[in-house]
Amino acid sequence: MERDRRKKKSQFIMAMNRLKRNRMAVAGLVIITVMVLASVCAPVIAPYGYEQQDLYHIFAPPGNGHIFGTDNLGRDIFSRLLYGGRQSLKIGVVSVAMASAVGILVGCGAGYYGGRVDNLIMRFLDVFQAVPALLMSIAIATTLGPGINNAMLAIGITTIPGYARMTRASFMSVRGMEYVEAAAAINATDLRIILKHILPNAISPMIVQITMGVASSILAAASLSFMGLGAQPPLPEWGAMLSAGRTYIRDYPHLCMIPGATIMLAVLSLNMLGDGLGDALDPRLKN
């Protein structure tokens, strides 16, 4: 047992060393870490409250006491970006956590048992995925009503099939290994085989997908907020800020460009980190 622990530790260290050598992945990790910390520390960092208005400086350009300018109500855009990051990142993380938990559970059952169980689950997911994800998210959010919690639930539900299919594929690639057959030969329970022998060796692709799934969920949340189905005024959220600024995009483009660039930077950094994790966790890479 101690030998297995040392082996797993050494494999983890090798993976982290490969990740550290990937400059793009490290850059992505640094950027998203800074964004998370800035959002968490928004009450300390933000020069103004997200609802605070400066009616003497409506549509102020970047600078002049407001780093990124002000919006149509005189609210500081930089402060609203910091507070809005709390909502956007929260939606991304929580929706992915819900979707991955359910998806991994469903994928474990399909990949381990196979046969009729696998066929039944996969056909249900086929029907589920026949509707475009964004369209289904809009339908669910519209039915439940606008709001952050409903947006998280809508995004989480629509992304379950992706995690289920990834888990199923990983389980099927590991299920026939000798150590799994040996565990079954000594009458180990299904739960023990799944949790102890298969899941730890099939988790790498899921970690990568979860990382990139957060980026996709942030984009989906921005889309829902853009259509008025996500965060509701005066609560700031990057997609909602983008939607509010589109009316004035000709005269005051910074109202759209700044939140849009923030969304792009968050998604790009998560994708770079996800790519780096995919390379670092690839068992075929030994050095």
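Heavy-atom basis, side chains included; hydrogens, waters and symmetry copies ignored. This structure is a prediction, so every number in the text was calculated from the model and none was measured.
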Participant: Could you give the distance from CD1 (Ile155) to OG (Ser137), rounded to the nearest 0.5 Å?
Facilitator: 6.0 Å
Participant: Tell me, do Gln129 and Arg165 make a side-chain contact under 4.5 Å, heavy atoms counted?
Facilitator: yes
Participant: Side chains of Val102 and Val106: closer than 4.5 Å at any heavy-atom pair?
Facilitator: yes
Participant: Any chance you could lay out the side chain to side chain contact (heavy atoms under 4.5 Å, CB included) test for Arg168 and Met122, step after step, and finish with the verdict?
Facilitator: CA-CA 10 Å; Arg168 171 184 176 269; Met122 288 300 103; 3.4 Å; yes
Participant: Given side chain to side chain contact (heavy atoms under 4.5 Å, CB included), test Leu270 with Met212 step by step and report yes or no.
Facilitator: CA-CA 6 Å; Leu270 284 167; Met212 293 187 169; over 6 Å; no
Participant: Taking the six-membered ring of Phe128 (Phe, Tyr or Trp), confirm whether the NZ or CZ of Arg123 is under 6.0 Å from its centre and within 45° of its axis.
Facilitator: no
Participant: As a quick check of understanding, evaluate side chain to side chain contact (heavy atoms under 4.5 Å, CB included) for Tyr252 and Asp71, giving each step before the final call.
Facilitator: CA-CA 9 Å; Tyr252 308 101; Asp71 62 10; over 6 Å; no
Participant: Quick one: does Val180's side chain get under 4.5 Å of Ile193's, heavy atoms only?
Facilitator: yes
Participant: Under 4.5 Å between any side-chain heavy atoms of Met152 and Ile148, yes or no?
Facilitator: yes
Participant: Less than 6.0 Å separating the ring centroids of Phe171 and Tyr112?
Facilitator: no
Participant: Using only atom types and a distance under 3.5 Å, with no angle test, would you say the side chain of Gln52 pairs donor to acceptor with the backbone of Gly49?
Facilitator: yes
Participant: Return the minimal non-hydrogen interatomic distance between Glu51 and Pro234, and the atom names on each side.
Facilitator: OE2-CG, 3.2 Å
Participant: Does any part of the side chain of Leu81, heavy atoms only, come nearer than 4.5 Å to the side chain of Pro236, both counted from C-beta?
Facilitator: no
Participant: So do Met241 and Thr262 actually touch side chain to side chain, heavy atoms under 4.5 Å?
Facilitator: no
Participant: Using the rule given for side chain to side chain contact (heavy atoms under 4.5 Å, CB included), can you reason through Leu255 versus Ile77, listing the C-alpha separation, both sets of side-chain angles and the distance that settles it, and then say yes or no?
Facilitator: CA-CA 8 Å; Leu255 296 182; Ile77 294 176; 3.4 Å; yes
Participant: Please go through Val30's hydrophobic cluster and name the other residues, only I, L, V, M, F, W, Y counting, with side-chain heavy atoms under 4.5 Å joining them.
Facilitator: Val26, Val34
Participant: With respect to Phe78, which candidate in Tyr48, Tyr83, Phe68 satisfies the ring pair (Phe, Tyr, Trp, His ring centres under 6.0 Å) definition?
Facilitator: Phe68
Participant: Determine yes or no for a side-chain-to-main-chain donor-acceptor pair under 3.5 angstrom, with Ser243 supplying the side chain and Gly239 the backbone.
Facilitator: no
Participant: Cut-off 3.5 Å, no hydrogens considered: what does the side-chain donor-acceptor table look like for residues 89-98, sequence neighbours left out?
Facilitator:
{"from": "Ser95", "atom 1": "OG", "to": "Ile91", "atom 2": "O", "distance (Å)": "2.5"}
{"from": "Ser95", "atom 1": "OG", "to": "Gly92", "atom 2": "O", "distance (Å)": "3.3"}
{"from": "Ser95", "atom 1": "OG", "to": "Ser217", "atom 2": "OG", "distance (Å)": "3.3"}

Participant: May I ask you to decide if Gly228's main-chain N or O and Gln232's side chain share a donor-acceptor pair within less than 3.5 Å?
Facilitator: yes
Participant: Are any non-hydrogen side-chain atoms of Ser223 and Leu134 less than 4.5 angstrom apart?
Facilitator: yes
Participant: Decide if atom CE of Met24 counts as having more than 12 heavy atoms of other residues, nucleotides or ligands within a radius under 6.0 Å.
Facilitator: no
Participant: Does some side-chain heavy atom of Asp76 sit less than 4.5 Å from a side-chain heavy atom of Pro47?
Facilitator: yes
